[in-house]
There are 2 protein chains.
Amino acid sequence: MRVTCKYEYVNNSIEEFKEQLRKVGLRITPARLVILTLLQNHSKPLEVRSVLRLLKASAPDQATVYRALSSLTTCGLVKAITLKSGIVSYEIANLPHHHHLICERCGYVEDVETCCESPRPRVASFTIVNDHRLEFSGICNNCA
Amino acid sequence: MRVTCKYEYVNNSIEEFKEQLRKVGLRITPARLVILTLLQNHSKPLEVRSVLRLLKASAPDQATVYRALSSLTTCGLVKAITLKSGIVSYEIANLPHHHHLICERCGYVEDVETCCESPRPRVASFTIVNDHRLEFSGICNNCA
DNA sequence: TAATATATGCGAATTATTTGCATTAGATAA
DNA sequence: TTATCTAATGCAAATAATTCGCATATATTA
């Protein structure tokens with residue numbers, strides 16, 4: 001399906017995104033759709049900077065991008081992951097469960113299915129433990 | 001041992017820190033020692049902002065703090081960890097192997113010993129995998 | 001289609017981080 | 001020790017990143 005509006009995008013999951021937005025009570029807006037689409041089309045997590053750069057042309061305003069990423073993350077449609085480097089990146093939330101392997105030199109990120117088989121920690125000061133993130137790091141072939 | 005110099009600090013590991021700095025080839029300076037001491041005295045990882053705030057009085061200049069955290073991290077004396085929230089925090093590197101459990105509401109961090117028992121991922125695009133970080137998140141008692 | 005509340009764009013304000021450069025102070029060797 | 005060399009610091013200023021206020025536009029709902 002091709003949709004032309006203020007910003008242009010090509011996407012097959014538009015209806016899905018709309019449904020998700022509806023479900024979490026966020027309005028369906030071009031800015032949110034274009035950002036969801038962008039994240040979906042990139043298999044790798046994207047930093048804000050990249051999102052801004054990739055959308056630059058007729059893109060939503062930068063404040064809008066920040067606000068959209070924030071609301072989408074809060075509502076769980078997008079995941080914010082933070083790599084060892086300290087840079088926050090965003091990815092579509094409903095990907096199959098996976099983790100990341102990141103190159104310490106160049107920042108290249110690879111998804112890995114390896115998961116954490118250990119039990120959830122039991123700590124007196126916490127009531128609920130409901131999520132985990134596992135990140136491996138090393139040196140990619142290019143940098144080695 | 002009590003050492004008074006341009007900035008003041010109380011510490012029992014000064015000699016250890018000096019030895020570590022020597023080993024990695026960084027000069028032994030008051031700024032580095034005071035930052036290592038601060039990180040050591042806090043059991044929790046600290047963000048740059050907190051480091052700056054806690055040191056404020058007769059502290060090293062902010063540019064110096066950034067530079068020191070950076071060089072200490074590069075040389076491996078300090079670890080930069082990035083929590084789900086996207087905030088980068090720093091902790092002394094030579095703590096026993098552990099991971100973190102963070103409250104999604106308030107950011108409270110607890111160290112946990114639970115580790116990842118799964119095998120290191122084998123991925124064609126990576127030559128070396130040499131580290132991992134595991135982060136659990138949930139709701140702490142205070143927020144629950 | 002009208003009413004209303006949310007989202008956007010824009011500019012400006014904040015906040016965070018980095019840089020250049022003159023000066024200070026570790027380290028090293030005589 | 002002291003002289004020498006180089007890295008580290010402080011300061012001010014530049015840059016980058018993020019947030020905010022507010023008028024306008026737009027999605028939703030009835």
Side-chain angles (χ1 to χ4, degrees), chain A residues 3-9 14-15 17-36 46-75 77-78 80 82-83 85-90, chain B residues 3-9 14-15 17-36 46-75 77-78 80 82-83 85-90:
Chain A
V3 181
T4 303
C5 67
K6 197 163 173 194
Y7 339 109
E8 195 172 305
Y9 46 81
I14 291 286
E15 289 312 320
F17 290 149
K18 287 184 178 173
E19 182 52 31
Q20 293 179 323
L21 286 167
R22 224 172 265 124
K23 205 172 288 172
V24 299
L26 285 181
R27 288 190 177 175
I28 296 165
T29 69
R32 284 174 184 150
L33 291 176
V34 82
I35 286 173
L36 287 168
L46 288 176
E47 335 170 4
V48 177
R49 197 193 320 189
S50 306
V51 174
L52 288 170
R53 184 160 32 77
L54 290 166
L55 294 181
K56 63 172 176 259
S58 57
D61 182 78
Q62 64 168 34
T64 301
V65 170
Y66 277 102
R67 286 186 279 225
L69 286 172
S70 165
S71 61
L72 292 170
T73 302
T74 302
C75 293
L77 302 200
V78 163
T82 55
L83 305 171
S85 60
I87 294 171
V88 189
S89 300
Y90 296 88
Chain B
V3 182
T4 302
C5 67
K6 197 164 173 194
Y7 340 108
E8 195 171 306
Y9 46 81
I14 291 286
E15 290 311 319
F17 290 148
K18 288 185 178 175
E19 182 51 31
Q20 292 179 322
L21 286 168
R22 224 172 265 123
K23 206 173 286 173
V24 299
L26 285 181
R27 286 188 179 177
I28 295 165
T29 68
R32 286 176 183 149
L33 292 176
V34 81
I35 286 172
L36 287 168
L46 288 175
E47 335 171 4
V48 177
R49 195 193 323 189
S50 306
V51 173
L52 287 170
R53 185 161 31 77
L54 290 166
L55 294 181
K56 64 172 175 257
S58 56
D61 182 77
Q62 63 169 33
T64 301
V65 170
Y66 277 102
R67 286 186 278 225
L69 286 172
S70 165
S71 61
L72 291 171
T73 301
T74 302
C75 292
L77 301 200
V78 163
T82 55
L83 305 171
S85 60
I87 295 171
V88 189
S89 301
Y90 296 89

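Labels below follow one simple rule: chain letters A, B, ... track the order of the sequence lines, proteins then strands, and each chain is numbered from 1.
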Taking atom [atom2] of [N] as reference, at what distance in whole Å does atom [atom1] of [X] sit?
X	N	atom1	atom2	value
B:Lys18	C:dG26	NZ	P	10 Å
B:Leu21	D:dA8	CG	P	10 Å
A:Leu52	C:dC10	CG	P	14 Å
B:Ile35	D:dA8	CD1	C1'	12 Å
A:Leu33	D:dA27	CG	P	10 Å
A:Glu47	C:dT17	CD	C1'	15 Å

**OP:** Find the bend of the helix from C:dT1-D:dA30 to C:dA30-D:dT1 as the angle between its two terminal axes (five pairs each), to the nearest 10°.
**Re:** 50°
**OP:** With sequence neighbours excluded, tell me which residues meet salt bridge (Lys or Arg N to Asp or Glu O under 4.0 Å) with A:Lys18.
**Re:** A:Glu15
Original post:
Mind checking whether B:Leu33 and B:Ile28 have side chains closer than 4.5 Å, heavy atoms only?
Top reply: yes
Original post:
Looking at the side chain of A:Thr64, which of D:dA27, C:dG9, D:dT9 is the nearest nucleotide?
Top reply: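 Output: C:dG9.
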Original post:
Counting N and O atoms only, with roles assigned by atom type, does the side chain of B:Arg32 sit under 3.5 Å from a partner on the main chain of B:Ala68, one being a donor and the other an acceptor?
Top reply: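 A pair under 3.5 Å: no.
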Subject >> Minimal non-hydrogen separation, A:Ala80 against A:Val88, with atom names >> reply: CB-CG1, 4.1 Å
Could I get a table of every N or O pair under 3.5 Å where one atom is in the protein and the other is in nucleotides 17-23 of chain D?
{"unit_1": "D:dT18", "atom_1": "OP2", "unit_2": "A:Tyr66", "atom_2": "OH", "d": "2.4"}
{"unit_1": "D:dT18", "atom_1": "O5'", "unit_2": "A:Tyr66", "atom_2": "OH", "d": "3.4"}
{"unit_1": "D:dT18", "atom_1": "O4", "unit_2": "A:Gln62", "atom_2": "NE2", "d": "3.4"}
{"unit_1": "D:dT19", "atom_1": "O4", "unit_2": "A:Gln62", "atom_2": "NE2", "d": "3.4"}

Subject >> Candidates B:Val51, B:Leu52, B:Ile35 - the one meeting side-chain contact (heavy atoms from CB on, under 4.5 Å) with B:Leu46 >> reply: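 Considering B:Val51, B:Leu52, B:Ile35, a side-chain contact (heavy atoms from CB on, under 4.5 Å) with B:Leu46 is found only for B:Val51.
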**OP:** Under the side chain to side chain contact (heavy atoms under 4.5 Å, CB included) rule, what do A:Leu72 and A:Leu21 come out as? Steps first, then yes or no, please.
**Re:** CA-CA 9 Å; A:Leu72 292 170; A:Leu21 286 167; 3.8 Å; yes
Original post:
How would you list, by chain and number, every residue that makes a side-chain contact (heavy atoms from CB on, under 4.5 Å) with A:Ser70, sequence neighbours excluded?
Top reply: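 With neighbours one apart ignored, the set is A:Thr74.
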**OP:** Not counting sequence neighbours, which residues clear side chain to side chain donor-acceptor pair (under 3.5 Å) with A:Arg22? List them please.
**Re:** A:Glu19
Original post:
How many angstroms lie between CG in A:Leu26 and OG in A:Ser71, if you round to the nearest 0.5 Å?
Top reply: 5.0 Å
**OP:** Starting at CG of A:Leu36, measure out to CG of A:Leu69 and round the result to the nearest 0.5 Å.
**Re:** 9.0 Å
Pull out every protein N or O sitting under 3.5 Å from an N or O of nucleotides 27-30 of chain C, one pair per line with the distance.
{"unit_1": "C:dA27", "atom_1": "OP1", "unit_2": "B:Ile28", "atom_2": "N", "d": "3.1"}

